[in-house]
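Just so you know, ligand 1 is whichever comes first in the structure, and atom 1 is the first atom listed for that ligand.
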Amino acid sequence: MTTYVWSIDDPGLGGSDQAESMRRTSRFFDSRGLRATWFAVPKPGGKPLTDDWKRALCEARDAGHDVQLHGLTHADCFEFGPPAWPATAISPELLTTFESRREELMARYTVENLRARIEEGQELFERELGVHPTVFRAPCNSISKAMFEALRQTGILYHSVAYISGTGYDHLPHRRSAALTPAWTEAIPHHPFRWYSGIVEAPMLNEYTWRGASAREPEFLALARADVERIARESPIAVILMHTHGIADNEAYAFRLIDAVAAQVQQQGGTFATLGELAESGALTRAATVDGPDTLTV
Ligand SMILES: [Zn+2]
């Protein structure tokens with residue numbers, strides 16, 4: 001039986017409207033008896049979290065949601081490593097931007113630098129939210145070997161950023177895909193695995209709520225159901241990625257997607273949990289039965 005995780009990125013980024021959007025989504029999950037893992041940015045754009053965001057995150061925490069670390073500032077897409085697929089498929093210009101700043105950016109990826117960033121995030125979370133993070137997600141799925149070693153040294157032993165499928169971005173205008181054909185990478189295991197520095201990676205299944213997805217709602221709901229059905233045969237744990245404010249553009253659609261996935265999971269006899277719970281219970285560690293591939297060059 002597979003346990004599914006709702007993971008939602010980027011709380012902390014954006015203004016009061018966005019914090020209010022997070023509140024509505026949290027309450028929607030509450031109304032369904034579900035809880036999410038919110039990957040929040042502790043020092044968005046280099047500035048302190050606003051009171052609005054602190055309140056929204058503390059409310060979610062108090063309602064039983066999971067709040068985990070999503071970088072430190074998320075000021076650009078290269079905070080913890082060079083650009084990687086599928087961020088490069090979503091925004092091809094990341095590659096040219098990285099090349100034009102290569103020397104400056106590569107200097108970031110030392111264990112010492114990245115450890116200092118993670119530690120600052122941990123301190124901010126503990127001081128401002130009373131949260132002790134146990135799982136990390138690098139912004140824009142940009143990662144490096146130094147990041148994994150820095151995580152190990154700070155005691156954060158779980159990470160979730162590798163994509164199993166990027167089909168959820170095939171609708172973007174520059175991709176010009178006629179159909180959302182389910183395609184899963186074979187480059188990584190489809191279940192949690194032990195990666196660099198012994199960190200357990202919980203790969204993400206796919207995303208169905210990127211901006212523009214709602215215009216192709218029937219196809220996206222079918223894609224989500226097909227992914228959710230298949231992963232149950234391949235992994236005891238499945239992490240679904242969402243953006244519900246800022247990047248997503250249709251909250252009502254996102255809520256219908258949540259209902260459709262929840263109905264599919266229920267039909268399969270699956271359950272939901274947060275990543276924090278699965279880390280604490282040892283379920284993530286137990287699921288990581290194989291080592292990940294040595295794919296990172298940096
Ligand atoms: Zn992000």
message: Taking the six-membered ring for Trp, are Phe193 and Trp195 closer than 6.0 Å centroid to centroid?
response: yes

- request: Looking only at non-hydrogen atoms, find the nearest pair between His190 and Ser235 and report the distance.
  value: O-CB, 3.4 Å

message: Quick check: Phe80 with Phe136 (ring centres under 6.0 Å apart)?
response: yes

query: Does a side-chain N-to-carboxylate-O contact under 4.0 Å join Arg115 and Glu119?
result: yes

2.8 Å shell around the Zn ion (ligand 1), exclusive bound, protein N/O/S atoms: 3

query: Taking Glu79 as the fixed residue, which of Lys43, Arg108, Arg117, Arg137 is the one that meets the salt bridge (Lys or Arg N to Asp or Glu O under 4.0 Å) rule?
result: Arg117

- prompt: Hey, what do you get for CD (Glu217) to CD (Glu219), rounding to the nearest 0.5 Å?
  reply: 11.0 Å

